[in-house]
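Structure first, then comments.
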Amino acid sequence: VSPEFLTVGQPVPPIYGIEKATGALRFAADINLPNMLWMKILRSPHAHAKILDVDTAAARAMAGVVAVLTHRDVPRVLFGPYQNEIYPLDEEVRFVGDTVAAVAAEDWNIAEEAMRALQVKYAILPAIHDPEAGTKPGAPDAVLNYPESHELKPGDIRPDQLGTFGNVIGLKEGGPTVVNERGNVENGLAQSDVVIERFFRQSEVNAVSHEPRACVAVYRNSACTLWCSVQDPYRLQDSTARVLGLPMEAVRVVSTNLGGAFGVKVTGRFAVLCALLARQTGRPVKIWFTREEESLDSHNRSALTHYVKAGANKDGSLTAIKVRTFLDNGYWPYGGLGQNIAFAISTRPIDLYHRCPNVKWEVFAVRTNRPSTGPYRGRADAESHFPIESMMDELACAIQMDPIEFRLKNRLREGDDLCSAPNKIMSTVWLEEAARAGAVKIGWQRRLPLAAATQGARKNGIGMAMVIHSCGSNPAGVSEAEVTIDSTGRISLFSGTADQGSEQQTTLRQMVAEVLGVSLTDVGGANADTSTCPFDSGPFSSRTVYATGIAASRAAEEVKKKLLQQASALLREPATNLDIGEKSIWKRSDLSKRVGVDELVRIGGGSISGRGIHNAKEDRLFAYGFAAAFAEVEVDVETGEVKIVRLVSSHDVGRAINPMIVEGQILGGAAQGLGYALSEGFYFDPRTGTALNQWFLDLRTPSILDLPDIEPVMVELGEPTHPFGAKGCSEISYVGVAPAVANAIYNATGARVTELPMTPDVILKALRDAQRIEA
Amino acid sequence: LISFKHVDAASTQHALSLLAQYGEGARVLAGGQDLLFRIKKYIVKPECVVNIKTIPGLNYIRLQADKKLRTGALTTLSQIAQSVELQRNYTVLAQAAGVVASPQIRNMGTIAGNICQDVWCWYLQDGFSCWKSGGKFCDLAGGDSRYYGSIMGGHLCLSNHPSDTAVALAALDAQVHVASPRGNHTKAISDFLAGHTWVDGRLQSHSLRSDEIVTEIEVPFRPTRSAYIKFALRKSWDFAIASVAVSAVIRGGIWTDVRIVLGGVATFPYRSKEAEELLRNRPISEPAAAEAAEVALQLAKPLKMNSYKVELSKTLVRRGLLSLGN
């Protein structure tokens, strides 16, 4: 609790918290309009094929079927979050589950039956099911059709530069997608006291949002409105306008309440098809994904393999990191998702260990015939920290140094330059403070030497991992906000950002309330409706509280400034002598000299408004989040079961605008991270590319009984580039859990687990391997 | 969802006549926890669903004077799990019923439905060959068998029998009462669940004919101690990777009459009579339990990705036996 603030720092319940908890909150799937049609998508049974023909006659002949769309019926227009998805429907299908055709019918059952009545002739094409195999010379192309024309942004890879380089997304023949290099890694390794080499493998995982995607589209008078579970409404607006050939202002997208978006509910094919069907039928059209569709037609955290070599000297200095990573990009054409993830994988851990002089990290983002990769919670850092933090633990052990001290000696510091954000300088780094606070909380001094327990089947151990994640500053982020006071005195915040489940609207309104000296309940407004809200590039990189927060605070400051100016004229006092609060302005030294905000608004012509913007490109100082995860485990060496005894998640949050919400985010992220560590995997048949476990049960997110009481720690030492000192923290708690658990298992048993998820079969194999090496 | 007729059966006789009338096209609905998923996924396409939940008098737990247990087919898993008498006298059954899936499923799911459920297999879907959906080989055999593949071989289908309660019932020598147009009869659970077999044109994991229903499960009383250990990835809403049901009559530190049944590893509840015999009249000891565990798994021939279940099951057998105490 911050004594200098009224609302900021208070753990007030989220504005829709009760509604969410009681089930009263409405989502896109709850929207039903009169005369509405239901849409279903026919999905490809083949990993890679060309559609020769779709016979729609039987489906069209069914009573209640109103429209059928095939690739012949849709505009050949690029769309998607990066405007690089090839046509709403294409003749090439690129993964099992890819969209083949869409039908609209009077009810869901008829739509389903009609979808099943479509007769499709395919020419089956060779497919790529394994990223490493996809890089081999002579490997078939996973994707044949590329966008023909594209408005390139600086830094984008041109599609015509890709074709000759097989399936690797990149600029050079045979080269990786990205390489981050400094010093001389081979010399560094050669001169190290200790070198460790490991191979890591991580399974693909799905975000398993509780809410399957839904969209309702209405087309009327050459204008289209979409209510959609989408976290980037402006990009969907742009895509819909392109596909329908309408001006942007004729398309309205309302991002509905999201039942967990986790970064992956971005502009998708289903929504633009829904809009096309609404136009064609002249009736409202609704689509609601099944759980299987939600798993398949999404963006997953990729399957990865990492070949890692790292060295250290006995004095605790990290000497060299060499990594080659293969990332399953899925079918996604180029740019945007896989490419950005590849870049962040190769750079952010290297920023974390900024003192390491010799680095070479290559990432091969390889197109395969799988669902697309994408920005799932902790994007890129969950992918990279498992190998790196496992290596740091083992190196520290090898040079007999405390793993915390080893990491801190080599870490990033304030003022360092960043390879993950060229030309930017690191702002605050409260990593050491977070690590030490977490160590105290879990009782790090209790940690025993490696595999100290000799008796019994159940071995206890403690491990930790340090984490960096972009928590606010993202070079691609722009946020605008508007604050208004209308003639009735109502204060409103308008922000384009969608609330993807992390209650940012509450937090943003808290900041506005603080600036204007009112209580949270005095601030209303709207968000994520493209017709009423100013632009926001969307909630990703945990940027909302930071970037949109800056914009909203600036907007509120402008309103405050206008109010003070008018009060100053009215009260004949310099503005510096005035205070604002409780909907009035008064002279600090004479409380009787006072004027109400409502009166100022009336004098000011009926309303007062202010706008704020934050554009990360203009920032020199970048704000990142830092965290330390600590796990205490009990490993049953006879069954491979890993019980989480304690999990401490300690964070540099800058300042918690709303500690209740921050704590909720830390707990949720850590719970998901625990699934990544121990039970979740999204598996595909290696011969056909068909998903094996797309059902809710088989995706195996942890149940409440599998979770320990996660213990959050918030280190609040501020961030000077934010008006209230906040950094984002909704993703970062995911990232450190898997390596912390792996390191705790190592501490307990001496077995190094290098595969995710760490299921019993994986644990038992690691234990056997460790025994073999010992013998 | 496909269209089908839904009829509430007024009596067992009524149910049997409906089943006879619709033949192949009929399916029995009790709790619906297994059937509805299969209908929604087009795995099962019934012409008529016969709802037996409306038959009065099939939901009961009765302990007779001789403590023999009789439980009606429609008794829910929650009722069984929460019965104090079962917890005391048929511990393994109450424990197994209490760890099936999730609380919601246990509230709806019935004991008869639980033992009659079909396999949960990643290859029982479009795009794969599966005997149960008309295929001519089993894609699980060479596929991803880490959770649901048998380690004990099998006939045609290699997917595990997924039930928890069936494993417990096998350790209690349960009898299944069947109402049939050819005369009501009882079957030992080991005959009722003997692996995947063709019955009336369906490859089933139980031996019930398409015109029969289960009405009761009967368990003879023995003065045993018993326990069920389920090993799964999650503590709620999950199938067993491996499980064990053990029951034993113990007198003066000696195992006199033991049952050892494995779940999650075979196409039926896998009882090892060899391991049971090995322990007959032997003093309770850890080495003896380990020996029995070795014998119980001696016929294991795991698939490509599930060999870890062999050692895991041995551990469960040993721990299960020792958990019964002296």
Side-chain angles (χ1 to χ4, degrees), chain A residues 43-47 96-97 107-110 112-113 116 203 290-292 457 636-643 674-675 678-681 683-707 757-768, chain B residues 1-4 33 37 40-42 45 99 101-103 105 120-129 139-140 142-149 162 229-239 241-244 290 293 302 304-319:
Chain A
R43 297 183 177 280
S44 170
H46 304 297
V96 177
D107 70 30
W108 197 92
N109 268 330
I110 299 171
E112 167 101 8
E113 291 300 319
R116 297 174 74 89
S203 285
T290 61
R291 171 54 54 187
E292 292 85 321
D636 187 329
V637 297
E638 292 178 346
T639 63
E641 182 184 6
V642 177
K643 186 179 157 198
L674 206 52
L678 292 179
S679 58
E680 291 182 47
Y683 306 115
F684 295 82
D685 180 56
R687 292 163 302 151
T688 63
T690 305
L692 293 171
N693 61 332
Q694 60 272 44
W695 299 285
F696 214 15
L697 165 74
D698 275 320
L699 291 165
R700 287 199 167 72
T701 53
S703 78
I704 195 75
L705 300 180
D706 303 302
L707 297 172
M758 296 180 275
T759 46
D761 48 336
V762 171
I763 299 284
L764 290 173
K765 183 177 176 300
L767 288 164
R768 269 200 316 276
Chain B
L1 200 67
I2 62 161
S3 299
F4 52 81
Q33 298 306 291
F37 169 83
K40 282 183 189 169
K41 295 291 162 262
Y42 294 78
K45 296 162 196 162
V99 294
S102 65
I105 291 172
W120 182 270
C121 179
W122 289 353
Y123 296 88
L124 181 46
Q125 60 165 319
D126 288 346
F128 295 115
S129 173
D139 265 338
L140 171 64
D144 192 327
S145 54
R146 73 183 84 190
Y147 300 137
Y148 303 127
I229 303 179
K230 176 173 182 171
F231 187 85
L233 271 195
R234 294 196 293 200
K235 299 228 166 14
S236 183
W237 197 34
D238 213 341
F239 291 108
I241 287 176
S243 70
V244 66
K304 200 172 63 181
M305 290 178 71
N306 66 6
S307 56
Y308 73 102
K309 287 192 179 192
V310 178
E311 289 308 309
L312 174 59
S313 298
K314 287 179 190 170
T315 299
L316 298 186
V317 169
R318 180 167 48 81
R319 287 183 184 176

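Letters A, B, ... mirror the listed sequences (proteins, then strands); counts begin at 1.
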Exercise for review: Run the salt-bridge test on B:Glu311 and B:Lys314 with the 4.0 Å N-O cut-off and return the result as yes or no.
Suggested key: yes
Check your understanding: Under 3.5 Å, side chain of A:Ser679 to main-chain N/O of A:Arg700, donor-acceptor pair present?
Key -> yes
Review point. Do the side chain of A:Glu641 and the main chain of B:Phe231 share a donor and acceptor less than 3.5 angstrom apart?
Key: no
Exercise for review: Find the one option among A:Asp706, A:Leu764, A:Leu705 whose heavy-atom pairs under 4.5 Å with chain B are most numerous.
Suggested key: A:Asp706
Point to revise | When A:Thr759, A:Val96, A:Thr688, A:Asn693 are compared by non-hydrogen pairs under 4.5 Å with chain B, the top option | key: A:Asn693
Study note, to complete from the structure: Counting heavy-atom pairs under 4.5 Å with chain B, the top scorer among A:Glu113, A:Arg116, A:Gln694 is A:Arg116
Study note, to complete from the structure: Okay, B:Asn306 and chain A: the region with an atom under 4.5 Å from a heavy atom over there is neither
Point to revise | Best-contacting candidate, A:Ile704, A:Asp685, A:Leu678, against chain B by heavy atom pairs under 4.5 angstrom | key: A:Asp685
Revision key, fill the gap. Whatever's closer than 4.5 Å to a heavy atom in chain A on B:Ser236 counts as both
Check your understanding: Between B:Trp120 and A:Asp698, is any side-chain donor less than 3.5 angstrom from a side-chain acceptor?
Key -> yes
Check your understanding: Thinking salt bridges, do B:Asp126 and A:Arg43 make one under a 4.0 Å N-O criterion?
Key -> no
Revision key, fill the gap. Checked B:Leu312, B:Asp139, B:Ile2, B:Asp238 vs chain A; the most non-hydrogen pairs under 4.5 Å come from B:Asp238
